[in-house]
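None of these values were measured; they are calculated from a predicted model.
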Amino acid sequence: MSNIHSVMPSILPVLPEIVLSIGALLLVLYGAWRGEKSSEGVNLGALAFLIFTFFLVVTQQGKVTTLNGAFIADNFARVMKALILIGSAATILLSRDYFQRERIDRFEYPLLVVLCTIGMMVMASANDLIALYLGLELQSLAAYVIAAFHRDDVKSTEAGLKYFVLGALSSGMLLYGASLVYGFTGTVSFPGIVTALHGATSFGIVLGIVFVAAGVAFKLAAVPFHMWTPDVYEGSPTPVTAFFASAPKMAAMAMTVRVFIGAFPDVTAIWQQIIVFVAIASMALGSFAAIGQRNIKRLMAYSSIGNVGYALIGLAAGTEEGVRGVIIYMIIYLAMTLGAFAVLLSLRRQDRMYETIDDLSGLSRTHPVLAFCLAAMMFSLAGIPPLAGFFAKFYVFAAAIKEGLVTLAVIGVVTSVVGAFYYLRLVKVMYFDDARAPYEPMAPGLRIVLGVSSAVVLLFFLAPAPLVAAAGEAAKSLF
C-alpha cells in the first residue's frame, strides 16, 4: 500500500494523458472487434474521452513536476491543453458528416486524432528536450497519416507525402539543435539549461537555439518554414485541414513558448532576434500571398501563417504580458478558425463540396445566417472592433510596444491592413455578387461548432475578463 501511495502523487499530473491513452487502446480494441461497423461508436467514444479529459485538465491545480522533472503541470499547460482538447473535439464533430458522404468513414480517423492529441498535450507539458521531442513525434506521425486519409484522392496522398518528408527534415533540425544545447550545457532539462547558461552563451549554444527555432518554426508553419502549408491544407480532406489549422497550432505555440521562456529566459536577446524576423516575415507573406488565392483552403493556409506571425509578436516581447497576449490570441484564433471551417464544410450541393471564393457568391441571400457568421469570422480575422480578433491583436501589440518593439508593432498594424483586403473580399462576394443555387442544410455537428465559435467572436467584448484572467494566470506560471 505504501508503494501505491508513493506512486500516486507522481501519476496525478499525468492523469489526463494516461486516461486519453487508455481510451485510445480501448477504442482500438473496439474498432478491431467490430470492424467497419465500429465507426460511429469509435467517433462517440473518442469525443467522450476528449471531453472527460478536458474536465480532468481544468480541475487540476497547482504547479507540479513529475517523471524526474521531464513533465510539468502548471496553469500554462492546463490552458493550452484545454484549447488542444477543444480543437480536437470540434474536429471530430466537423468530420463525421463529411467522411460519411465521401464514403471514407473509417474508425481509424478519430483514433488518430486522439493519438495526435496525446502527443500535443505532452508538448504543452514538456519540461525537458526529450519529453518535448517524444510529444512532437507522436503528434507528427498521426498527423502525417490523417493528411493522406483519403487514399483514393491523389491530392490527399500528395499532401501526406509532402508533410511527411518536410516534417522529417524539421524533426531532424530540432533534434540537432537539442543535441547541441545538450552538448554545451550537459543537461536536457529546461531548469538545468537555465542554471548551466547563467546568461552566458557560446557559439555552440547560439547555433543550437537557431536549429531548435527552425524545428519549432516548421511546426508553427512560420516563414521561412511555411512551404508545406498551402499544399497540405488544400490537399487534405477539409475536416483534416480544420484540424491542422486548430489544435496542432495550439500545441506548436505552447511548445514554442515553453522552450524559449522555460529554457532560455536569460538569453532573450539572442532568440528575440529570431522571433522578430520570423514574425515580420510570416505577417508579410501571410498578408500578400493570400491576395491572389481563389481556393478558400489555400487562403486559410496563408491566413494561418500570418496569424502565427501576429501571435509571435507577444513572444518577441519576452515578458509575462507578452505571453498573456499570445495565449489570448490563440484562444480567439481557435474560435475564428473553427467557425470559418464549419461554414466551408457546409458548402455542399448534390454530394459535391465547394471550396473556392466564387462559390460563396450571394450566400447572404440563400443562407443569411451562414453568411453573417462567416462575415463575422472574416471581420474578426481582419482585426476590426468590437469583434474578438481586434482584442487578440491589441494585447500582443500592446505588449510589444511596452518592451520598445514599436517598429514590430507598426509592421503588424500595416500587414493587418493589407490582410483585411482578402478577408473583406469574401464578405463582398457573399453580400454583393449574384446568388447561386442554395447549398444543403448544415449537419448538426457543424451547427454546434459554428454556434459556439460565433458566440466567442461576437460576444467576447462583453465579458473579456474571465479569458484574460485565465491567460494572465497561465502566463504568470512561466515566470
Side-chain angles (χ1 to χ4, degrees), residues 74-80 82-84 124 216-217 220 222 246 249-262 264-265 268 271-280 282-283 286 303-337 380-416 419 456-457 460-461 463-479:
D74 57 8
N75 286 333
F76 175 74
R78 281 189 275 279
V79 169
M80 298 313 288
L83 295 178
I84 289 162
V216 161
L220 281 171
S246 54
K249 280 278 188 294
M250 305 299 120
M253 191 55 76
M255 172 179 74
T256 307
V257 172
R258 183 74 77 187
V259 167
F260 291 117
I261 300 294
F264 306 108
T268 306
W271 57 259
Q272 189 182 54
Q273 298 170 49
I274 301 169
I275 298 298
V276 167
F277 167 75
V278 169
I280 291 171
S282 298
M283 291 185 296
S303 168
S304 78
I305 293 167
N307 278 289
V308 161
Y310 296 120
L312 286 175
I313 291 176
L315 178 59
T319 60
E320 188 181 311
E321 193 178 332
V323 173
R324 185 190 68 168
V326 173
I327 298 165
I328 295 168
Y329 198 99
M330 297 316 286
I331 292 169
I332 293 168
Y333 170 74
L334 181 68
M336 296 186 296
T337 302
S380 184
L381 281 162
I384 293 171
L387 299 172
F390 166 76
F391 294 95
K393 288 179 179 171
F394 171 77
Y395 283 113
V396 290
F397 291 163
I401 290 167
K402 196 172 179 182
E403 284 305 299
L405 300 171
V406 179
T407 307
L408 180 61
V410 169
I411 292 170
V413 172
V414 171
T415 52
S416 289
V456 172
V457 168
F460 177 82
F461 75 99
L467 285 178
V468 173
E473 288 297 315
K476 195 183 291 181
S477 68
L478 287 173
F479 289 88

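Nearest heavy atoms, Ala311 versus Met253: CB-CE, 3.6 Å. The shortest non-hydrogen separation linking Ala471 to Ile328 is CB-CG1, 3.6 Å. Of all non-hydrogen atoms in Ser282 and Gly309, the two that sit nearest each other are CB-CA, 3.8 Å. Nearest approach of Ala317 to Ala399, heavy atoms of both residues: CB-O, 3.8 Å. Summarising the geometry of Gly412 relative to Ile313, their closest heavy-atom pair is CA-CD1, 4.4 Å, with the distance given to 0.1 Å. Between Ala470 and Val79, the shortest heavy-atom contact is O-CG2, 4.0 Å.
With values rounded to the nearest 0.5 angstrom, Leu334 atom CG is found 6.0 Å from Leu83 atom CG. Taking CG from Leu315 and CZ from Phe260, the interatomic distance works out to 7.0 Å, rounded to the nearest 0.5 Å. Here Thr319 contributes atom OG1 and Leu478 contributes atom CG; the two are 11.5 Å apart, rounded to the nearest 0.5 Å. The CD1 atom of Ile280 sits 4.0 Å away from atom CD1 of Ile411, with the distance rounded to the nearest 0.5 Å. Atom OG of Ser380 sits about 8.5 Å away from atom NZ of Lys393, to the nearest 0.5 Å. The CE atom of Met250 sits 6.5 Å away from the CE atom of Met80 when rounded to the nearest 0.5 Å.
A heavy-atom distance below 4.5 Å is found between the side chains of Tyr310 and Ser416. In this structure, the side chains of Phe391 and Val468 stay at 4.5 Å or more apart for every pair of heavy atoms. Looking at heavy atoms from C-beta onward, Arg258 lies in side-chain contact with Asp74 at the 4.5 angstrom threshold.
A ring pair (Phe, Tyr, Trp, His ring centres under 6.0 Å) check over residues 393-413, counting only residues at least two apart or in different chains, returns nothing.
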Audit row: Asn75, Lys476, side chain to side chain contact (heavy atoms under 4.5 Å, CB included) steps and yes/no: CA-CA 8 Å; Asn75 286 333; Lys476 195 183 291 181; over 6 Å; no
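When ring centroids are compared, Trp271 and Phe264 stay outside the 6.0 Å threshold.
Looking at Ser477, its side chain does come within 3.5 Å of a backbone N or O of Phe76 through a donor-acceptor pair.
A side chain to side chain contact (heavy atoms under 4.5 Å, CB included) with Leu312 holds for exactly one of Val276, Asn307, Val278; it is Val278. Checked against Val410 for a side chain to side chain contact (heavy atoms under 4.5 Å, CB included), the options Thr407, Val406, Leu408 give a single hit: Val406.
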